[in-house]
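Atoms within a ligand are numbered from 1 in the order they appear, just like the ligands themselves.
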Amino acid sequence: MGETFGASRGSAAWLKVSGGSDEALDRATGCPCGGLPRGATLGECCAPVIEGERVAATAEALMRSRYTAYALADGDHLFRTWHPRTRPEHVDPEPWVRWVGLEVLDVVDGGPGQDAGVVEFRARWVAGEGRTRQRGEVHERSAFARRAGRWFYVGPEAPTP
Ligand SMILES: [Zn+2]
């Protein structure tokens, strides 16, 4: 009996994890990026940008939509918003990495009337479960450029000499 309970608990936990992306696609839930403004839902924040309903107005909004695309494992959005000059041939977010938090640390330019901007952020991830669980973070100052009215991710900002 105990064993059965354990097994069903295990599979329920697994379903919860694997069902995570469906849940995240619910536009009424809080945006994975934390929301701009803070607490905005996925439908108010990143989903319209990811689904092409509107373009990101600022470099920060594009950066947030890319974080959310990583969180939802949406490689298409990552590819489309990567500057053609620097983008890899394929962008395949690793589905076993769960992105669990974004902090925007600094924004320089990248406003609606500008053509370049920098966004510094810290993104936290978790992979695996139980004893094999690993955590890490990505900390980057990213450069963005706007061409033909659209913001693109260029890459990590070149260190200033
Ligand atoms: Zn968002």
What pairs meet the salt bridge (charged side-chain N to carboxylate O under 4.0 Å, His left out) rule with one or both residues in residues 56-71, with sequence neighbours excluded? E60-R64
Total protein N/O/S atoms whose distance from the Zn ion (ligand 1) is less than 2.8 Å: 4
Side chains of residues 71-78: which donor-acceptor pairs under 3.5 Å do they make with residues two or more places apart or in other chains?
{"from": "D74", "atom 1": "OD1", "to": "D76", "atom 2": "N", "distance (Å)": "3.2"}
{"from": "D74", "atom 1": "OD1", "to": "H77", "atom 2": "N", "distance (Å)": "3.0"}
{"from": "H77", "atom 1": "NE2", "to": "S65", "atom 2": "OG", "distance (Å)": "2.8"}

Residue R38 excluded, over 12 heavy atoms near CZ under 6.0 Å: no
A quick test of your reading: do over 12 heavy atoms of other residues, nucleotides or ligands sit less than 6.0 Å from CZ of R135? no
Can I get a per-line list of side-chain donor-acceptor pairs under 3.5 Å for residues 84-95, giving both atom names and the distance, sequence neighbours left out?
{"from": "T86", "atom 1": "OG1", "to": "H83", "atom 2": "O", "distance (Å)": "3.4"}
{"from": "T86", "atom 1": "OG1", "to": "V154", "atom 2": "O", "distance (Å)": "2.7"}
{"from": "R87", "atom 1": "NH1", "to": "F79", "atom 2": "O", "distance (Å)": "3.3"}

Do the non-hydrogen side-chain atoms of E137 and E103 ever get within less than 4.5 Å of each other? no
